[in-house]
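Just so you know, these numbers use all the heavy atoms, side chains as well, and skip hydrogens, waters and symmetry mates. We number each residue from 1, following the sequence as shown. Just follow the structure's listing: the first ligand is 1, and inside any ligand the first atom is 1.
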Amino acid sequence: MRDEDLQRAAMMLHHRKAGLAQGDPIAAPIVMSSAYHLPQVQAGGHSYTRAGNPTWDEVEAQLTLLEDAPSLAFPSGMAAISAALMACVQGGGRIVLPSDGYYVTRVFADHFLRPLGVDVVFLPAKDYGAADFSGAAVVYIESPTNPALDVIDISAVAARARAAGAKVIVDNTTMTPLLQRPLDMGADLVVAADTKAPAGHGDVLFGHVAGRDAALMARVADWRRMSGAIPSPFDAWLVHRGLETLELRLSRMCASAGEIARRLQGHKALLALRYLGLPDDPDHDLARRQMAGFGFLIGMTFADEARAERFLSRCPMIAQATSFGGVHTSGERRARWGDHVPLGFIRLSVGIEPIEPLWVAISSAMID
Ligand SMILES: *Cc1c(COP(=O)(O)O)cnc(C)c1O
């Protein structure tokens, strides 16, 4: 992480201080109220929780600091992604989406935007670099992609997309604002599933949209208020608590992932290994240029489905689950969801377990 990112993470831990009065709680309170004392609408303040809630304010203050841009909280990553897309698309307009990114985003575009007359174009992440964006209303980027970990040159693609008149949306879930800053590379909106590393404990779904274009963010806020896709105050509180340790957890997770990937190199049980921090990874140089760390995800390809499943079930320190970024190391064979990866491909998300016991658990599960 760069000095500015560490500074932001440190400031985030004290974001409430300036607003505290004598006797106020240091920890953010959970405010469970649907409505607020409102004798006069004109006097401002909170009115009704579909429009705003004090516990969302707390988590949005943290996200706004981390993103260095106004941020809006959503009840899941998909709620944030659909809000950003709905704020940007128009009937007849074209949107370009990665064909190998998070699959629910693709299905959402296919099942809900296409029938509204949106021209949905899917493109492999590797082809973004040379693609022609003329006529596109939205260019949607995911980098590194989940699960294959392909990296898109965000600055270059955003510059070409904006020159063509498109809005640029970046899904930054796999990196978080501490490891990658798409808004500084020309994105109009960042979307993320805070379900993953930001909340970090596998007990809540959450998401956010961040952006510096006030008119566009106002549309995102309107979408949230009118569609009613709002987070619960309790969930916001869990994410607030999770974000306080994000920098600490990410440091451990990325360091362990780097070390485990290094030790796995050349392992005879693997047909392929992907970690962006390995110097011979095809996207290593680009990742080094645009990311402040190489993340906590490792792609492991076993010879076949049976060997991959045997590894997952044998390893006592890999949660077999379809999520990532949490405190527990987790892994899954992504082809079981139809992702375009080999049958033996596992997305391993390295958690915060002390590295040596974790390495022993992983390496002993790989012996046939
Ligand atoms: C998990 C994920 C999402 C969706 O987040 P939910 O909170 O599950 O709705 C979106 N994009 C990426 C890259 C993800 O990994």
Side-chain angles (χ1 to χ4, degrees), residues 59 63 71-86 95 97-113 122 124-125 128 138 140-152 154 169-177 179-180 182 187 189-210 220 223-224 227 229-232 235-236 238-239 242-243 246 250 253 274 276 291 295-299 319 321-326 328 330-332 334 336-341 345-351:
V59 76
L63 292 167
S71 301
L72 290 162
F74 282 87
S76 67
M78 278 316 302
I81 289 167
S82 53
L85 287 171
M86 293 308 282
I95 79 169
L97 288 165
S99 57
D100 44 3
Y102 185 66
Y103 74 109
V104 187
T105 308
R106 295 201 298 274
V107 179
F108 172 76
D110 215 29
H111 290 196
F112 291 95
L113 300 182
F122 294 114
Y128 269 60
V138 176
Y140 187 98
I141 296 172
E142 187 178 309
S143 181
T145 54
N146 169 20
L149 299 177
D150 286 326
V151 181
I152 290 176
I154 298 175
I169 303 176
V170 178
D171 184 332
N172 200 31
T173 299
T174 47
M175 282 292 112
T176 86
L179 297 179
Q180 178 167 269
L189 293 176
V190 157
V191 293
D194 298 309
T195 307
K196 313 291 170 50
H201 294 70
D203 49 13
V204 63
L205 269 73
F206 213 74
H208 75 271
V209 179
V220 175
W223 170 264
R224 181 175 69 176
S227 70
I230 57 158
S232 106
D235 291 358
L238 283 172
V239 175
L243 281 169
L246 175 61
L250 274 182
M253 288 154 64
R274 183 112 216 236
L276 293 169
M291 291 154 36
F296 46 80
L297 295 176
I298 299 178
T322 187
S323 194
F324 62 85
H328 315 97
S330 67
E332 90 170 315
R334 288 299 304 180
R336 67 183 189 164
W337 297 105
D339 282 351
H340 301 295
V341 288
F345 174 90
I346 288 172
R347 180 187 62 204
L348 185 76
S349 171
V350 176

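A salt bridge is defined here as a Lys NZ or Arg NE, NH1 or NH2 lying under 4.0 Å from an Asp or Glu carboxylate O, and Arg106 with Asp100 fails to meet this definition.
Here is the list of ligand 1 atoms found below 4.0 Å of a heavy atom in Phe324: 15 (O). If you number the atoms of ligand 1 from 1 as listed, the ones under 4.0 Å from a heavy atom of Ala193 come out as 1 (C), 2 (C), 3 (C), 4 (C), 5 (O), 7 (O).
Here the heavy atom of the protein found nearest to atom 11 (N) of ligand 1 is Asp171 OD2, 2.7 Å. The nearest heavy-atom contact from the protein to atom 4 (C) of ligand 1 is Tyr102 CE2, 3.4 Å. Protein heavy atom at the shortest distance from atom 7 (O) of ligand 1 is Thr195 OG1, 2.6 Å. When hydrogens are left out, the protein atom nearest atom 6 (P) of ligand 1 is Gly77 N, 3.4 Å; that is the closest non-hydrogen contact.
Asn146 and Arg347 form a side-chain donor-acceptor contact under 3.5 Å, judged by distance and modelled atom types alone.
Heavy-atom contacts from other residues, nucleotides or ligands closer than 6.0 Å to CZ of Phe122 number more than 12.
When each of Asn172, Val190, Thr174, Val151 is tested with Gln180 by the rule side chain to side chain contact (heavy atoms under 4.5 Å, CB included), just one qualifies, namely Asn172.
When the options Met175, Met78, Lys196 are ranked by their closest heavy atom to atom 14 (C) of ligand 1, first place goes to Lys196.
Among the atoms of Asn146, some N or O lies under 3.5 angstrom from an N or O of ligand 1. Residue contacts with ligand 1: Ile81 is placed with no nitrogen or oxygen under 3.5 Å of a nitrogen or oxygen of the ligand (distance criterion only).
Judged by distance alone, the side chain of Thr145 and the main-chain N or O of Pro147 form no donor-acceptor pair under 3.5 Å. With Arg224 contributing its side chain and Ala73 its backbone, the two residues share a donor-acceptor pair below 3.5 Å. Of the possible donor and acceptor atoms, none in the side chain of Tyr140 sits under 3.5 Å from a partner among the backbone N and O of Thr105.
Not close to ligand 1: Thr174, with no non-hydrogen atom less than 4.0 angstrom away.
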